[in-house]
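All remarks here apply to the structure that follows.
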Protein chains: 2
Amino acid sequence: MSKKEKIEICHCNIIHNDIVEEVRKLLPGNDVCINLAEFYKAFADQTRLKILKALLHSEMCVCDLTAALGMTQSAISHQLRILKNMKLVKYRKAGKVIYYSLDDNHIKDIFKAGFDHINE
Amino acid sequence: MSKKEKIEICHCNIIHNDIVEEVRKLLPGNDVCINLAEFYKAFADQTRLKILKALLHSEMCVCDLTAALGMTQSAISHQLRILKNMKLVKYRKAGKVIYYSLDDNHIKDIFKAGFDHINE
DNA sequence: TTTATATATGAGCATATGTTCATATGTAAA
DNA sequence: TTTACATATGAACATATGCTCATATATAAA
């Protein structure tokens with residue numbers, strides 16, 4: 001490999017070719033990474049975190065969530081749509097009221113790992 | 001409670017006062033939520049995800065990471081700084097070369113939960 | 001049918017985020 | 001000390017994100 005080629009890759013020499021090759025094979029494809037990042041994004045915002053934490057306690061209607069979080073109904077509704085698209089919450093209608101609940105079993109695990117981290 | 005007061009809270013009537021009260025007490029404080037959201041943000045980006053996944057395999061220098069991910073050295077370095085600030089990676093110097101490695105035991109758990117979710 | 005209530009949604013705006021480019025810093029070799 | 005290389009960093013830019021405001025939709029009650 002000429003010096004020029006190395007520079008084209010990373011502006012410096014590759015130190016450990018074996019590790020680089022292994023890691024290249026090991027890394028998930030771009031589509032998987034996009035989905036994974038999308039999933040974690042759900043937890044990367046205070047409002048969504050609170051919504052998920054609240055729904056971990058019990059199913060709630062939009063109005064309950066609005067009151068519990070002390071935010072506008074519009075803000076809650078927008079975030080619920082995002083969580084719904086991510087398949088993290090589901091809903092059921094009861095007349096005018098719409099009840100949201102969790103739609104993923106791994107949310108508890110994610111919370112646990114998060115709390116463990118910040119409590120270190 | 002007058003109608004006016006209700007409107008000030010959420011523009012609609014509170015449906016389940018008991019649940020709202022319980023959830024209010026149960027929700028983590030704002031500071032905790034900020035820290036939690038910060039932690040999850042580390043995983044909410046493709047590049048950082050790949051870096052963490054790579055370091056899960058073995059410690060790597062910046063140049064290795066740059067080559068393995070096929071990105072610019074600058075981009076990698078900026079993201080490493082973020083991960084360092086979040087206490088997710090640590091580093092050791094060896095002459096000119098700086099080796100990064102994971103600094104958190106829960107990263108594996110987070111990955112597992114993420115993969116479990118997208119594989120459902 | 002009219003009115004009220006619960007929720008959803010589009011547009012606009014301010015802020016945050018991720019990358020690139022240029023360059024600085026630090027360390028080792030010549 | 002000079003040169004080369006590994007890494008870090010600031011500025012700029014484009015895009016993404018989250019909220020608010022106004023308004024739409026849907027359902028139930030009057």
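For clarity, every value in this text was computed on a predicted model and none was experimentally measured. These values consider heavy atoms only, across backbone and side chains, with no hydrogens, waters or symmetry-generated copies. Labels below follow one simple rule: chain letters A, B, ... track the order of the sequence lines, proteins then strands, and each chain is numbered from 1.
What separates CZ of A:F43 from P of D:dG18 is a distance of 14 Å, to the nearest Å. In this entry the distance linking CD of A:Q79 with C1' of D:dA16 reads 13 Å, nearest Å. Atom CD1 of A:I76 is separated from atom C1' of D:dC19 by 11 Å (rounded to the nearest Å). Here the C1' atom of nucleotide C:dT17 and the CD atom of A:E38 are 14 Å apart, to the nearest Å. Rounded to whole angstrom, the span from the CE atom of B:M60 across to the P atom of D:dA6 amounts to 15 Å. For the pair B:I51 CD1 and D:dT7 P, the interatomic distance rounds to 13 Å; values are reported in whole Å. In this structure, A:I34 atom CD1 and D:dT15 atom P are separated by 17 Å, rounded to whole Å. Taking atom CG of A:L80 as the reference point, atom P of D:dG18 lies 13 Å away to the nearest angstrom.
Of the possible polar contacts, none joining the B:D104 side chain to the B:L88 backbone as a donor-acceptor pair under 3.5 Å is found.
Both A:A94 and A:T47 lie near DNA chain D, and the one whose nearest nucleotide falls closer to the 5' end is A:T47.
No aromatic stack links B:H78 and the base of C:dT19, using centre distance under 5.5 Å and interplanar angle under 30°.
Comparing atom distances between the A:R48 side chain and each of C:dG18, D:dG18, D:dT7 picks out D:dG18 as nearest. Of all nucleotides listed (C:dA28, D:dC21, C:dT5), C:dA28 comes nearest to the side chain of B:K96. Candidate nucleotides D:dT7, C:dT9, C:dA8 were compared by shortest atom distance to the side chain of A:R81, and C:dT9 ranks first. Between D:dA8, D:dC19, D:dA22, one nucleotide has an atom nearer to the side chain of A:A75 than all others, and that is D:dC19.
Contact of A:T72 with D:dC21 (side chain to base): no donor-acceptor pair of N or O atoms is detected under 3.5 Å. Side-chain atoms of B:Q73 come within donor-acceptor range of the base of D:dA8, with a qualifying N/O pair under 3.5 Å. Taking only distance into account, the side chain of B:S74 meets the base of D:dT9 through a donor-acceptor pair shorter than 3.5 Å.
For A:K41, a side-chain nitrogen or oxygen approaches OP1 or OP2 of D:dT17 to under 4.0 Å.
Nucleic acid contact class of A:Y100 (heavy atoms, under 4.0 Å, all strands): sugar-phosphate only.
Residue-environment remark: NZ (A:K108) stays at or below the threshold of 12 foreign heavy atoms within 6.0 Å.
Relative to the six-membered ring of B:Y99, B:K93 misses at least one condition, a distance below 6.0 Å or an angle of at most 45° to the axis.
In this structure, A:F43 and B:Y40 have tilted ring planes: the angle between them lies in the 30° to 60° band.
When hydrophobic clusters are built by joining Ile, Leu, Val, Met, Phe, Trp and Tyr residues whose side-chain heavy atoms come closer than 4.5 Å, directly or via intermediates, B:I34 is not grouped with A:F115.
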